Number of protein chains: 2
Amino acid sequence: MTLRARGRPEFDDVYRELTRASCRVTGPRKAIVTAFAHLRRYVTPKELHDHLRSAKVRIGLATVYRTLEVLRRIGAASAAPQAHGETAYLFCAISHHHHAVCVRCGRVDDVPCRSVAGFARSLAGNLRFRLTQHKLEFFGLCARCS
Amino acid sequence: MTLRARGRPEFDDVYRELTRASCRVTGPRKAIVTAFAHLRRYVTPKELHDHLRSAKVRIGLATVYRTLEVLRRIGAASAAPQAHGETAYLFCAISHHHHAVCVRCGRVDDVPCRSVAGFARSLAGNLRFRLTQHKLEFFGLCARCS
DNA sequence: GTCTCTGCAAAGGGTTTGCAACGCA
DNA sequence: TGCGTTGCAAACCCTTTGCAGAGAC
């Protein structure tokens, strides 16, 4: 397993999914998608809103919240509730994968979901990512329930 | 790797850690620890508060919040921010480990953190836990930063 | 033209804080 | 007795909602 840096964000994929979900491709939404994809890290709605405003884009905070929720619904963003109560979002490809988050610069690369064996191998040294933390949780049925 | 059901909660370990952290072992804190450990699943502060009140324990919601934060700090609880904005807490042993959460009954068992190889083996069939979902995220330094 | 989206402001809801009384150590 | 803790209520802050006007298709 190797880390695959995301290429140029494919906005068209996102716009297509929006249309498929009966959502409109509006100016504010395009501005949000562009800034969101450009940042390439987890951002809070407020952060994204500030970013847009400082780029002279007149937009409401509520619109950022609503758009991020829509993007999450169509699979173009992943949400990560933070400890402080805020929710951070990451622009990402519309497919199942994991993330490798750099704790220094915040950059996020996609980690394709192959097999657990591949995961183990990568930990042996192939992964060009110095792991310092991992978060792992299992969900399923315990012995009594299954 | 096998699932190890937590034995009788070791309250004394918790009280010892509290003392070590210059925190006092008070009546309200004992009540919270007892109820918290008894529940053996992720609970929100409000849920725990309601549980205590219905058990005729007079206690303030703010105290529950403050105590859960203290327990998290000393390692006796793990916090999991929820999608809705709430934070759920789980009473757990004071050592590094993972969790196996039953999606039906909510029961949580500790999964000792051995090696990744052990993790892979367990997935091959030793784990008496039917996995239906997993959540995995890496934190560290990317190639550029390290 | 229709139906969704937008910005603004107010409401909502979880969490934190200020403070005087309380109670471990 | 000293200092951390508690309960209550108000303050805080992130997020959602209501609504009238604007805009996509």
Side-chain angles (χ1 to χ4, degrees), chain A residues 11-12 14-36 42-53 55-74 76-77 79-89, chain B residues 11-12 14-36 42-53 55-74 76-77 79-89:
Chain A
F11 298 160
D12 289 344
V14 176
Y15 300 154
R16 198 176 303 122
E17 283 300 320
L18 278 175
T19 303
R20 188 185 302 184
S22 306
C23 294
R24 297 195 172 152
V25 179
T26 64
R29 285 186 174 166
K30 282 183 180 173
I32 289 172
V33 167
T34 303
F36 189 27
Y42 277 99
V43 288
T44 60
K46 185 169 181 347
E47 223 176 336
L48 192 50
H49 180 245
D50 289 345
H51 189 85
L52 287 160
R53 295 285 259 217
K56 307 284 179 258
V57 178
R58 182 178 158 277
I59 201 167
L61 180 56
T63 299
V64 176
Y65 273 99
R66 286 183 282 224
T67 300
L68 287 174
E69 175 52 27
V70 168
L71 292 177
R72 192 202 57 71
R73 218 178 56 225
I74 67 172
Q82 306 291 295
H84 186 274
E86 289 176 296
T87 297
Y89 291 84
Chain B
F11 298 160
D12 290 343
V14 176
Y15 299 155
R16 199 176 304 123
E17 283 299 320
L18 278 176
T19 303
R20 188 185 303 186
S22 306
C23 294
R24 294 193 176 157
V25 180
T26 64
R29 285 187 173 164
K30 282 182 179 174
I32 289 172
V33 167
T34 303
F36 190 26
Y42 277 99
V43 288
T44 60
K46 185 169 183 347
E47 224 177 333
L48 192 51
H49 181 243
D50 289 346
H51 188 86
L52 286 159
R53 296 283 261 216
K56 306 284 180 260
V57 177
R58 182 177 159 276
I59 201 168
L61 180 55
T63 300
V64 176
Y65 273 100
R66 286 184 282 224
T67 300
L68 287 175
E69 174 52 27
V70 168
L71 292 177
R72 192 201 56 72
R73 219 178 56 224
I74 67 172
Q82 307 290 297
H84 186 273
E86 289 177 296
T87 297
Y89 291 82

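Throughout, a chain's letter reflects where its sequence line sits, starting with A, and its residues are numbered from 1. Computed from a predicted structure; not experimentally measured.
- Protein atom CG of A/L52 is 14 Å distant from nucleotide atom C1' of C/dG7, rounded to whole Å.
- Once rounded to the nearest 0.5 Å, the distance linking OH of B/Y65 with OH of B/Y89 reads 8.0 Å.
- B/I59 has its CD1 atom 11 Å from the C1' atom of D/dT5, to the nearest Å.
- Atom OH of A/Y65 and atom P of C/dT6 are 16 Å apart (whole Å).
- With distances taken from any side-chain atom of A/R53 to the nucleotides C/dC8, D/dG7, C/dT6, the minimum falls on C/dC8.
- When the side-chain nitrogen and oxygen atoms of A/R29 are compared with OP1 and OP2 of C/dT6, one or more of them lie within a distance under 4.0 Å.
- Between the CG atom of B/L18 and the C1' atom of C/dA25 there is a distance of 14 Å, given to the nearest Å.
- As judged by a 4.0 angstrom heavy-atom cut-off over every strand, B/R66 is placed among the base-contacting residues.
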For nucleotides 11-13 of chain C, print each protein N/O atom paired with a nucleotide N/O atom at under 3.5 Å, atom names and distance only.
none

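- When all heavy atoms of B/L52 and B/A31 are compared, the closest pair comes out as CD2-O, 3.6 Å.
- As judged by a 4.0 angstrom heavy-atom cut-off over every strand, A/T44 is placed among residues making no nucleic acid contact.
- The distance from atom CZ of B/F36 to atom CD of B/E47, rounded to the nearest 0.5 Å, is 11.0 Å.
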(message) Show, in sequence, the C-alpha distance, side-chain angles and deciding distance for A/R16 and A/D12, and conclude whether the side chain to side chain contact (heavy atoms under 4.5 Å, CB included) test is met.
(response) CA-CA 6 Å; A/R16 198 176 303 122; A/D12 289 344; 4.1 Å; yes
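- In this structure, B/R24 atom CZ and C/dG23 atom C1' are separated by 8 Å, rounded to whole Å.
- Interatomic distance, B/H51 NE2 to B/K46 NZ, rounded to the nearest 0.5 Å: 14.0 Å.
- A/L61 places its CG atom 14 Å from the C1' atom of C/dA10, with the value rounded to the nearest Å.
- Between B/T87 and the phosphate of C/dG14, there is no side-chain N or O to OP1/OP2 separation shorter than 4.0 Å.
- Rounded to 10 degrees, the angle separating the terminal helix axes of the helix from C/dG1-D/dC25 to C/dA25-D/dT1, each built from five base pairs, is 50°.
- Exactly one of A/I32, A/L48, A/T67 qualifies for a side-chain contact (heavy atoms from CB on, under 4.5 Å) with A/I59. That residue is A/I32.
- When the P atom of D/dT16 is taken as reference, atom CZ of A/R72 falls 10 Å away, rounded to whole Å.
- Atoms NE2 and OG1, on A/H49 and A/T44 in that order, are 11.5 Å from each other to the nearest 0.5 Å.
- The shortest distance between the side-chain N/O atoms of A/T26 and the OP1/OP2 oxygens of D/dG23 is not below 4.0 Å.
- Atom CZ in B/R58 sits 7.5 Å away from atom CZ in B/R53 (nearest 0.5 Å).
- Residue B/R73 contributes atom CZ, which lies 15 Å from atom C1' of C/dT16 at whole-angstrom precision.
- The line from CD of B/Q82 to OG1 of A/T87 is 11.0 Å long, rounded to the nearest 0.5 Å.
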